[in-house]
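Each ligand, and each atom within it, is numbered from 1 in the order the structure gives.
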Amino acid sequence: MKVCVVGLGYIGLPTALMMAAYDVCVTGVDYNKQLVSTLQQGKTTFEEDGLDALYTKAREKGVEFTTEYISADLYIIAVPTPYDKFSKKIDSSYVIGAVKNVTQVCPKGAVLVIESTVSPGTIDRYVRPAIEECGFTIGEDLHIAHAPERIIPGNMVYELENNSRVIGADDEEIGQKVKTVYSSFCKGDIVVTDIRTAEMSKVVENTFRDINIAYANELAKICRQDNMNVYEIIRIANMHPRVNILQPGPGVGGHCISVDPWFLVGDYPGLTSLIRHARLINDSMPEFVLGRVHDIMKERNIDDVSRVGLYGITYKEDVDDTRESPTLQLLEKVALHLGSPLKIYDPMVDRDVLPEQYHDFDEFLNSVDIVVIMVAHSQIRNSMNKLSGKIILDTRNICHLPGVYKL
Ligand code: SAJ
């Protein structure tokens with residue numbers, strides 16, 4: 001069985017490496033020449049726990065990387081599905097493009113597995129017609145399946161091996177065939193179902209998490225009004241055997257949880273008031289943080305915004321992904337309200353993504369009076385002593401120095 005993984009980003013790369021490490025014959029394809037050349041030279045392309053070791057194993061087992069689509073028995077499509085911030089619709093053009101490219105090279109009877117997260121109904125509405133447009137009969141010339149990825153950045157390698165999976169397919173035989181391939185490395189349960197159910201279950205999982213975080217964020221706002229300790233209240237509530245509230249924070253970022261619930265809102269506007277409000281609550285958090293900064297500046301008689309520094313640009317701790325991050329969301333608001341960029345530092349982000357961005361922690365600290373902890377990277381958890389003497393707004397509840405402000 002020859003497998004071709006299309007798209008070597010956050011999902012495709014670990015998937016290709018994992019399969020290869022478990023003796024599946026894998027070729028990874030990406031149209032980005034530089035990315036492929038980096039991988040061919042023996043380097044991984046993003047930071048993730050355990051990824052380098054997995055890469056070494058996969059190389060020993062002969063994984064290959066190329067920019068050319070190849071003939072294979074099974075294709076795994078893991079290309080991005082960007083979404084439009086204003087219309088809240090996903091752009092399936094990368095998926096469609098990849099599918100069309102596969103039809104140029106695949107042998108008759110190959111299986112095409114979409115791993116990219118898509119809004120429910122995308123495969124019927126866009127992928128099937130695209131394949132048919134290429135003159136293929138689905139179920140004869142080419143089979144399709146959907147195995148949405150479920151791994152969490154920060155723990156991807158472990159979750160890839162241990163999470164359960166869902167595989168949606170048009171018929172049981174193809175579902176079982178795909179399951180056999182995924183069973184090569186996946187120790188979790190693998191459920192075979194239809195494609196629409198697989199699409200929906202993925203989006204429902206992320207929506208569940210978004211709603212739970214929104215609840216925590218709403219509690220944080222209630223507790224702020226009457227000066228109650230939201231963290232202590234959640235800790236106690238969670239001691240109940242059937243309560244498991246997540247943690248409040250400066251907002252919800254990343255390309256998944258802050259995006260997927262909108263698919264449901266977009267398709268079922270009259271039926272999704274809970275989901276929509278949860279999204280709006282989470283989206284309101286960066287502005288809430290800004291309000292806290294404003295209040296603290298007033299209380300401390302500081303009126304120079306350039307003395308405020310944001311620690312963390314990524315959407316969460318110990319990853320280098322900045323997509324939809326609460327910090328970037330906050331900066332959009334700052335541009336609206338204050339017109340002056342705050343100072344920024346993130347140890348995980350070497351590249352320059354923002355003006356006023358520092359690359360040295362000490363220099364950053366020396367240039368500010370107020371530090372707003374936006375991301376709980378290990379780096380700051382392990383150097384809390386450096387923050388003494390600063391005014392701190394800790395949106396992640398990781399700093400326990402005296403006088404620290406919380407959400
Ligand atoms: N966050 C909070 N409070 C919490 C937990 C998270 O504010 O208690 C924030 C994070 O800081 C971050 C955002 O939510 O900004 C999302 O982070 P996350 O760690 O909850 O999730 P992701 O986006 O990294 O990964 C999610 C996962 N989905 C679920 O747990 C249901 C992962 O399994 C999916 O594979 C991934 O989305 C995806 O690609 O869909």
Side-chain angles (χ1 to χ4, degrees), residues 7 9-15 46-49 78-83 90 114-119 146-160 162-166 188 198-221 230-231 234-235 237-238 244-263 278-279 281-286 288-289 311-330 346 348 373-377 394-398 406-407:
Y10 289 109
I11 300 303
L13 180 63
T15 303
F46 62 94
E47 296 267 339
E48 177 63 36
D49 216 17
V79 295
T81 41
Y83 99 119
I90 78 157
I114 311 252
E115 277 220 19
S116 309
T117 305
V118 292
S119 60
H146 182 42
E149 58 86 8
R150 275 177 152 176
I151 52 179
I152 195 148
N155 198 24
M156 283 179 154
V157 175
Y158 174 85
E159 290 205 352
L160 199 48
N162 292 286
N163 282 5
S164 63
R165 299 288 302 231
V166 56
E199 285 177 325
M200 189 67 179
S201 62
K202 163 71 194 199
V203 170
V204 161
E205 289 160 17
N206 279 352
T207 303
F208 167 80
R209 196 159 168 84
D210 198 42
I211 291 171
N212 193 329
I213 298 169
Y215 181 47
N217 283 333
E218 190 155 274
L219 291 178
K221 289 182 175 180
V230 68
Y231 302 104
I234 290 177
R235 189 181 74 80
N238 283 350
N244 185 15
I245 307 168
L246 291 173
Q247 292 299 303
V252 167
H255 189 59
C256 314
I257 296 196
S258 67
V259 174
D260 298 358
W262 286 122
F263 300 159
R279 265 298 56 247
I281 291 166
N282 289 336
D283 274 354
S284 75
M285 291 314 287
F288 182 74
V289 173
Y311 177 92
I313 310 173
T314 64
Y315 82 94
K316 67 174 189 178
E317 68 283 0
D318 297 331
V319 300
D320 59 8
D321 187 346
T322 60
R323 287 177 298 174
E324 336 287 338
S325 89
T327 301
L328 295 179
Q329 294 177 36
L330 183 149
D346 191 313
M348 301 293 292
I373 302 177
M374 295 292 288
V375 185
H377 289 310
D394 172 16
T395 70
R396 296 286 185 172
N397 195 30
I398 55 167
K406 302 277 170 167
L407 269 182

Looking only at side-chain N and O atoms, does Arg279 offer a donor or acceptor that is under 3.5 Å from a partner on Thr207? no
I need the atoms of ligand 1 closer than 4.0 Å to a non-hydrogen atom of Glu205, numbered in the order shown. 31 (C)
State if Gly253 counts as touching ligand 1 under the rule of any non-hydrogen atom under 4.0 Å. yes
Roughly how far apart are Asp394 CG and Leu407 CG, rounded to 0.5 Å? 8.0 Å
Identity of the nearest option to atom 10 (C) of ligand 1, non-hydrogen atoms only, from Glu159, Arg396, His255, Glu317: Arg396
For the side chain to side chain contact (heavy atoms under 4.5 Å, CB included) test, which of Ile90, Asp260, Thr117 pairs with Tyr83? Ile90
What residue and atom, counting heavy atoms only, is the protein's closest point to atom 28 (N) of ligand 1, and at what distance? Asn206 OD1, 2.8 Å
Taking atom CG of Asn155 as the centre, report whether more than 12 heavy atoms of other residues, nucleotides or ligands fall under 6.0 Å from it. yes
Would Lys406 and Asn397 satisfy side-chain contact (heavy atoms from CB on, under 4.5 Å), going step by step from the backbone distance to the final call? CA-CA 7 Å; Lys406 302 277 170 167; Asn397 195 30; 2.8 Å; yes
Give the atoms of ligand 1, by number and element, whose distance to some non-hydrogen atom of Pro153 is under 4.0 Å. 24 (O), 25 (O)
dist Thr314:OG1 -> Met348:CE (nearest 0.5 Å) comes out at 7.0 Å
Give the numbers and elements of all ligand 1 atoms closer than 4.0 Å to a heavy atom of Val252. 13 (C), 14 (O), 15 (O)
Which residue and heavy atom of the protein sit nearest atom 36 (C) of ligand 1, plus the separation: Cys256 SG, 3.6 Å
Heavy-atom contacts under 4.0 Å between Arg209 and ligand 1: side chain, backbone, both, or neither? side chain
Residue, atom and distance of the protein heavy atom nearest atom 33 (O) of ligand 1 read Arg150 O, 2.7 Å
Measure the CG-CG distance between Asp210 and Asn282 for me, rounded to the nearest 0.5 Å. 4.5 Å
When distances are taken from atom 24 (O) of ligand 1, the protein heavy atom at minimum range is Tyr315 OH, 2.6 Å
For atom 19 (O) of ligand 1, what is the closest protein heavy atom, and at what distance to 0.1 Å? Lys316 NZ, 2.9 Å
What protein heavy atom lies closest to atom 1 (N) of ligand 1? Include the residue and the distance to one decimal. Ile213 CD1, 3.6 Å
Looking only at side chains, do Ser325 and Lys316 share a donor and an acceptor under 3.5 Å apart? no
Proximity of Ile151 to ligand 1 by residue part, where a heavy atom lies under 4.0 Å: backbone
Glu159 CD: over 12 foreign heavy atoms closer than 6.0 Å: yes
Looking at Tyr215, I'd like to know if its OH atom is crowded, meaning that more than 12 non-hydrogen atoms belonging to other residues, nucleotides or ligands lie closer than 6.0 Å. no
Can you report which non-hydrogen protein atom sits closest to atom 25 (O) of ligand 1, along with the distance? Ile152 CG1, 3.7 Å
Which atoms of ligand 1 have any heavy atom of Lys202 under 4.0 Å away? 34 (C), 35 (O), 38 (C), 39 (O), 40 (O)
Taking atom 4 (C) of ligand 1 as the reference point, the nearest protein heavy atom with its distance: Gln247 O, 3.6 Å
